[in-house]
Number of protein chains: 2
Amino acid sequence: MSDSGQSVGRKRRGAGRPTISDVARLAGVSPITVSRALRDPQRVSQDLRANIDVAVRTLGYVPDPNARALASSRADVIGVIIPSLTNNVFADVLRGMYDAINGSSYQIQLGNSRYSPIEEERLLTTFVSQRPSALIVSGIDQTPTARATLENAGCPVLQIMESGPDPVDMMVGFSHRKAAEEIVRHLWHAGYRRIGFIGARMDPRSQRRLQGYRDALEPLGGVDPALVTTTPAPSSVSLGRDLLRDLMSRAPDLDAVFCNNDDLAMGALFECQRSGLDVPRRLGIAGFNDLEMMAAAHPPLTSVRTPRYEIGYRSVRMVLDAITGRDIPERVIDIGYELAVRDSTGGPVLSQ
Amino acid sequence: MSDSGQSVGRKRRGAGRPTISDVARLAGVSPITVSRALRDPQRVSQDLRANIDVAVRTLGYVPDPNARALASSRADVIGVIIPSLTNNVFADVLRGMYDAINGSSYQIQLGNSRYSPIEEERLLTTFVSQRPSALIVSGIDQTPTARATLENAGCPVLQIMESGPDPVDMMVGFSHRKAAEEIVRHLWHAGYRRIGFIGARMDPRSQRRLQGYRDALEPLGGVDPALVTTTPAPSSVSLGRDLLRDLMSRAPDLDAVFCNNDDLAMGALFECQRSGLDVPRRLGIAGFNDLEMMAAAHPPLTSVRTPRYEIGYRSVRMVLDAITGRDIPERVIDIGYELAVRDSTGGPVLSQ
DNA sequence: GCCCTGAATGGTAGCGCTACCAATACCGTC
DNA sequence: GACGGTATTGGTAGCGCTACCATTCAGGGC
């Protein structure tokens, strides 16, 4: 009689795929030894390992991740929650994540919160029910409920994109406020004096960039509210055109804009081209993120280079280290940013 | 003594989360009835359903998807394989997919093949081992191995992005060849006579667009190989600049370009701005996909509007219908495309 | 009254894997 | 040769859920 329950005379439910017992029988060992050989080869003697490898290949055995997850109450899954799929920023982050996870036995489970904290809560509940090996979430503005869920998830948790106090567990990001502050100061040093702000969506990171804009201008003569335009609408190049047109009509003496992101900056450039405003002499333009297109524009557009791919890549490496119990030297990483200064902020016409 | 194995005196392995048995005990029914009440409420009487709902809420019960998948040999997962995460085209497709799956109990399992057929094979093997409820793959150029895997996956399979003969199962897409043919004919009718082609990456869909370009020009005087530039390098705006510059230096009489995608078209526009070429009078420019930025450019750029979001949305609805056994009126859908004609192809200077 | 039918509920036995403990073999030490 | 340690392997008993079959009960036709 076989030991796998077939003796009952009922046909097996599965699609007839080979199981770990089939491999064990063929290799002449017990199932548990096969299990060990697959998960941690060092714990099995060379001879058996070789036999098992042959049996696995002969049968075309592929472990069932669901059975594994049930038995070990831990799925080889890393849950990732991002707020947007169309935002190029997160496309780069994801690319880094998928590159970093390649070759490991882990899977990324992706959730899209669409910038909604409630949706994020819901996704976290769903994810946690799968007992993931780790969770990665965007930003640091989780609801109290979501934060509690993260704290009780029983797995490593990593917050990405921002730096800030009081991490749930680990953190990889940078200060949007400081980055914005620095690029606005750059505009000032380039000679611009009436520097506006254009912002769309205004999610928490956008809010912090606006704060950085204010912090930069405060000691330099203060912020003129008439130079700040924001909208909750999602960002787009067209919106950048529209917002700059509005702003110019309301404040014709505007001589530079810091755009909340690169789409808006590109739109602002097109609006200048349409209305014949010289960039950078009549209007300086700076964006945020430094998407690839910024350097290719005419004139090339100044931006803040944010290490998006690297955030994605390092975050997955970090949680993998945490999962496998390796030492994590720094649990909170400020990954920094870099100004990408180009012609679009070359300075205004000297008014002498 | 309880009936859930605690009598053995060993502590339970799980994190102590309530199980379906806990809910059953509280509601005074058997576990199997709870299972039915959750999966198919109609099969349980109203009274019991109400009791069970209360018990579920009281305990905060969340079903374990792994246990469910193991017992039913079917995971509530839809596997999706796309070739790129940075390509905006797929970002829109994914957005549609995630919108369509919202509210269902299914999860999307995303794989990134990076345009590699081998990687696609590997991903498919991994996905199939999870016994997904459906599979969605990009394109129609799977390797024979991958195709066999799809055919034996034992679940609905949907190929997206293209239309073509011989689907594995279902299909939602459009003809890249025809779309390209049509836009090149548009350029001809606008008066352009030396129409070039700029292509990057040259994945199968790009190849078919190039074929469409050839098909359009063949009856109109033939294709001049000197006007075709392609590169296997990934597409970018900068690359569009470079490729147009090369092409112009090799063929100074070029009067229009059909760019394989919008990034390249945008780069081409910037190159014209840099070198002082009037668009559309000296050079007509057409792109492909009609990303949002195309309409906002200066001048606005002609493109082919491809229903990316809709492909994503409809594909997930279709496989959900297939999973739940609903009738699928059309298993192969040509979702079409639309020319978005704008100023950038307004016609050349009349040479009289 | 009988049988039949169908709807609602329950019992049993796994799904394929791993945690936990036990057993065995082998080695060196005193 | 007894002892204790280490390395390797196996046995048992689940993980939490659902497929499958059995049971119960109400209602209808004869």
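Numbered from 1 within each chain, the chains take letters A, B, ... in sequence-line order.
Dashed line: the shortest gap from a side-chain N or O of B:S35 to OP1 or OP2 of D:dC17 is not under 4.0 Å. The phosphate of C:dA19 (OP1 or OP2) has a side-chain N or O of A:R39 nearer than 4.0 angstrom. Look at B:T33 and you won't find any side-chain N or O under 4.0 angstrom from OP1 or OP2 of C:dT9. Considering only side-chain N and O atoms, B:S30 lies under 4.0 angstrom from the phosphate OP1 or OP2 of C:dG10.
For the pair B:D40 CG and D:dA19 P, the computed distance is 11 Å after rounding to whole Å. Taking atom CG of B:D47 as the reference point, atom P of C:dT9 lies 8 Å away to the nearest angstrom. Straight-line distance from the CZ atom of A:R74 to the P atom of C:dA19: 12 Å, rounded to whole Å. One atom, CG of B:N66, and another, C1' of D:dT18, lie 14 Å apart when rounded to the nearest Å. With rounding to whole Å, B:Q46 atom CD is found 14 Å from C:dA8 atom C1'. The interatomic distance linking A:R131 (CZ) with C:dA19 (C1') rounds to 14 Å, in whole Å. Rounded to an integer number of Å, the gap from CG of A:L70 to C1' of C:dG14 is 12 Å. Rounded to whole Å, atom C1' of D:dC15 lies 14 Å from atom CG of B:D22.
In terms of modelled atom types and a separation under 3.5 Å, the side chain of B:T33 and the main chain of B:V29 share no donor-acceptor contact. Although no hydrogens or angles enter the test, the distance criterion places no donor-acceptor pair under 3.5 Å between the side chain of A:R36 and the main chain of A:P41. With hydrogens and angles ignored, the 3.5 Å screen pairs no side-chain donor or acceptor of A:S21 with any backbone N or O of A:P31. Between the B:S129 side chain and the B:T126 main chain, a donor and an acceptor come within less than 3.5 Å of each other. B:R74 places a side-chain N or O within 3.5 Å of a backbone atom of B:P132 that can act as its donor or acceptor partner.
Listed candidates were C:dG10, D:dC17, C:dC17. Nearest to the side chain of B:I20 is D:dC17. Residue B:L48 places its side chain closer to C:dT9 than to any other of C:dT18, D:dT18, C:dT9. The side chain of B:T19 lies closest to D:dC17, out of D:dG10, D:dC17, D:dA19. When distances are taken from the side chain of B:S45 to each of C:dT18, C:dT9, C:dC17, the shortest belongs to C:dT9. The side chain of B:I32 lies closest to D:dC20, out of D:dC20, C:dT18, C:dG16. Picking from C:dT18, D:dG16, C:dC17 the nucleotide with the shortest atom distance to the side chain of A:D64 gives C:dC17.
Residues in residues 43-67 of chain B take part in no side chain to side chain donor-acceptor pair (under 3.5 Å) pair, two or more places apart or across chains.
A side-chain donor-acceptor contact under 3.5 Å links B:Q159 and B:Q142.
By the salt bridge (Lys or Arg N to Asp or Glu O under 4.0 Å) test, A:R39 is found to be paired with no residue, residues two or more places apart in sequence or in another chain being considered. Every residue two or more places apart in sequence or in another chain that forms a salt bridge (Lys or Arg N to Asp or Glu O under 4.0 Å) with A:R68 is listed here: A:D76.
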List every contact pair, protein side and nucleotides 23-28 of chain C side both N or O, where the distance is under 3.5 Å.
none

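To the nearest 0.5 Å, atom CG of residue B:D22 and atom CG of residue B:L59 are 6.5 Å apart.
Taking the screw axis at each terminus of the helix from C:dG1-D:dC30 to C:dC30-D:dG1 from five consecutive base pairs, the angle between the two is 40° to within rounding of 10 degrees.
A:M170 and A:P156 make their closest contact through CE-CB, 3.9 Å (heavy atoms, listed as atom of the first residue, atom of the second, distance). The two atoms that bring B:I52 and B:A37 nearest to each other are CD1-CB, 3.7 Å, heavy atoms only.
The stretch residues 50-58 of chain B has no heavy atom under 4.0 Å from DNA chain C, so no residue of it qualifies as close.
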>> Test salt bridge (charged side-chain N to carboxylate O under 4.0 Å, His left out) on A:D166 and A:R147; report intermediate values, then the result.
In response: CA-CA 11 Å; A:D166 198 21; A:R147 192 174 167 107; 3.5 Å; yes

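If you check every strand for non-hydrogen atoms under 4.0 Å, B:R36 touches a base.
Residue whose closest nucleotide on DNA chain C sits further toward the 5' end, between B:A67 and B:R43: B:R43.
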